[in-house]
2 protein chains.
Amino acid sequence: MIPTHTSDTARQQAHDPMECRALSDILVRIGDKWTILVVGTLGDGAMRFNEIKRSINGISQRMLTLTLRGLVRDGLATRKQYPTIPPKVEYTLTARGLSLLPPIVALTDWARQHLLEIKASRALFDLEAESNPTTEAP
Amino acid sequence: MIPTHTSDTARQQAHDPMECRALSDILVRIGDKWTILVVGTLGDGAMRFNEIKRSINGISQRMLTLTLRGLVRDGLATRKQYPTIPPKVEYTLTARGLSLLPPIVALTDWARQHLLEIKASRALFDLEAESNPTTEAP
DNA sequence: CGGAATCCTGCTAGATACTG
DNA sequence: CAGTATCTAGCAGGATTCCG
């Protein structure tokens, strides 16, 4: 419906209100704090629950459970359960999950490259804001 | 410190605990629901506050204010205020902000390409989960 | 017009404890 | 080991109001 501009250059493509909804829905999940780290970790190959947990450092077991379930739900990872004692569960990225790695790497590379600049900008901004609390000082 | 592995392939690069902190700090901001949309919108050129607000549809004035301030703070956008009546404020992406567009486009392209598959996966997952509420039904 | 300030809410995510 | 369940604090974010 309303096929105004279907695809122009990179600049014009992400503005259709309906599509934006769905897209940001996905992007929110991906951009979430833990998802990126988990996907990056699973990029190394199949891993067990506590293995992932240990290598991420700071993630709670709850958040890891939810993050992994989200990945499985989106078809980005698979969960393989071995009915042994003690139980053993392995998570692996699917092909779709693997296809997500390059964009993620591009983004993290960008972040890495601009890390220092951004830190500096923030420090400067905060400094200036401190001197100007709406033009006044008690 | 601890320069264990500085950079190997794409697979091995995002795991240093210290760096991860800083990186995910940035990624969280970028991955935030509105930031991507605002950056994408500003990619078209300088825009006024309400202009952005109107073109994003669903964003509250508060969230737009905060998002824009975040972008300015990170040096990704500039705020230019014209002391006219009524006031006029224009936001523009900086060079650094522009450099963020390609990775973002890569990610949104990925999201767009896998939108339907993911929706299907979710539907299937939710359906199966509904039939198995911890192996029981009243 | 472009915000800032205030209030109020609901989800998020951490900590803890229990199960198969 | 790999979860689930429960409780709770905190803050994200919407609605509203006022100011320059």
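Chain letters run A, B, ... following the sequence lines, proteins first and then strands; every chain starts at 1. Just the heavy atoms: all of them, side chains too, but no hydrogens, waters or symmetry mates, feed the values below.
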*Asks:* Could you list the donor-acceptor pairs under 3.5 angstrom formed between side-chain atoms of residues 68-75 of chain A and any protein atom two or more places apart in sequence or on another chain?
*Replies:*
| from | atom 1 | to | atom 2 | distance (Å) |
| --- | --- | --- | --- | --- |
| A/R73 | NH1 | B/D126 | OD1 | 2.8 |
| A/R73 | NH1 | B/D126 | OD2 | 2.5 |
| A/D74 | OD1 | B/R122 | NE | 2.6 |
| A/D74 | OD2 | B/R122 | NH2 | 3.2 |

*Asks:* Between C/dG14, D/dG14, C/dA4, which one does the side chain of B/R69 approach most closely?
*Replies:*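 Of the candidates, C/dA4 comes closest.
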
*Asks:* Which range-with-range stems can be found for DNA chain C when each stem has 3 or more Watson-Crick or G-U pairs in a row and both distances sit under 3.5 Å?
*Replies:*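 Expected stems, ordered by start: C:2-20 with D:1-19.
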
*Asks:* State whether A/R112 and A/D109 are salt-bridged, where the test is any N-O pair (Lys NZ or Arg NE/NH1/NH2 against Asp/Glu carboxylate O) under 4.0 Å.
*Replies:*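 Answer for the salt bridge query: yes.
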
*Asks:* May I ask you to evaluate whether B/R62 reaches the phosphate of D/dA15, defined as a side-chain N or O under 4.0 Å from OP1 or OP2?
*Replies:*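 For B/R62, the contact criterion (side-chain N or O under 4.0 Å from OP1 or OP2 of D/dA15) is not met.
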
*Asks:* Taking side chain as C-beta onward, heavy atoms only, is A/L100 less than 4.5 Å from B/L107?
*Replies:*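 Counting from C-beta outward, A/L100 and B/L107 do come under 4.5 Å.
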
*Asks:* Given atom CG of B/L64 and atom P of D/dG14, what is their separation to the nearest angstrom?
*Replies:*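 These atoms are roughly 11 Å apart.
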
*Asks:* Ignoring hydrogens and angles, tell me if any N or O in the side chain of A/T41 forms a donor-acceptor pair with the backbone of A/I52 under 3.5 Å.
*Replies:*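 No, because the side chain of A/T41 does not come within donor-acceptor range (under 3.5 Å) of the backbone of A/I52.
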
*Asks:* Would you list the protein and nucleotides 17-20 of chain C atom pairs, both N or O, that sit under 3.5 Å from each other?
*Replies:*
| from | atom 1 | to | atom 2 | distance (Å) |
| --- | --- | --- | --- | --- |
| C/dA17 | N6 | A/Q61 | NE2 | 3.3 |

*Asks:* Could you check how far CG of A/L68 sits from P of C/dA13, rounded to whole Å?
*Replies:*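 Atom-to-atom, A/L68 to C/dA13, this comes out as 14 Å.
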
*Asks:* Test of understanding: clusters of I, L, V, M, F, W, Y form through side-chain heavy atoms closer than 4.5 Å, transitively. Do B/V28 and B/L37 belong to the same one?
*Replies:*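 Shared cluster, no.
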
*Asks:* Under 4.5 Å between any side-chain heavy atoms of B/V39 and B/L76, yes or no?
*Replies:*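 No. Closest side-chain heavy atoms not under 4.5 Å.
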
*Asks:* Go through C/dG14, D/dC1, D/dG14 for me and flag the one nearest to the A/S60 side chain.
*Replies:*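 Among C/dG14, D/dC1, D/dG14, the one nearest the side chain of A/S60 is C/dG14.
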
*Asks:* Does some side-chain heavy atom of A/S99 sit less than 4.5 Å from a side-chain heavy atom of B/Q113?
*Replies:*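 Result no, sub-4.5 Å side-chain heavy-atom pair not found.
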
*Asks:* Nearest to the B/N50 side chain among D/dG14, C/dG2, D/dT4, which nucleotide is it?
*Replies:*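 For B/N50, the side-chain atoms sit closest to C/dG2.
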
*Asks:* Does a side-chain N or O from B/Y82 land closer than 4.0 Å to OP1 or OP2 of D/dG20, or not?
*Replies:*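 Checking D/dG20 against B/Y82, no side-chain N or O comes under 4.0 Å of OP1 or OP2.
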
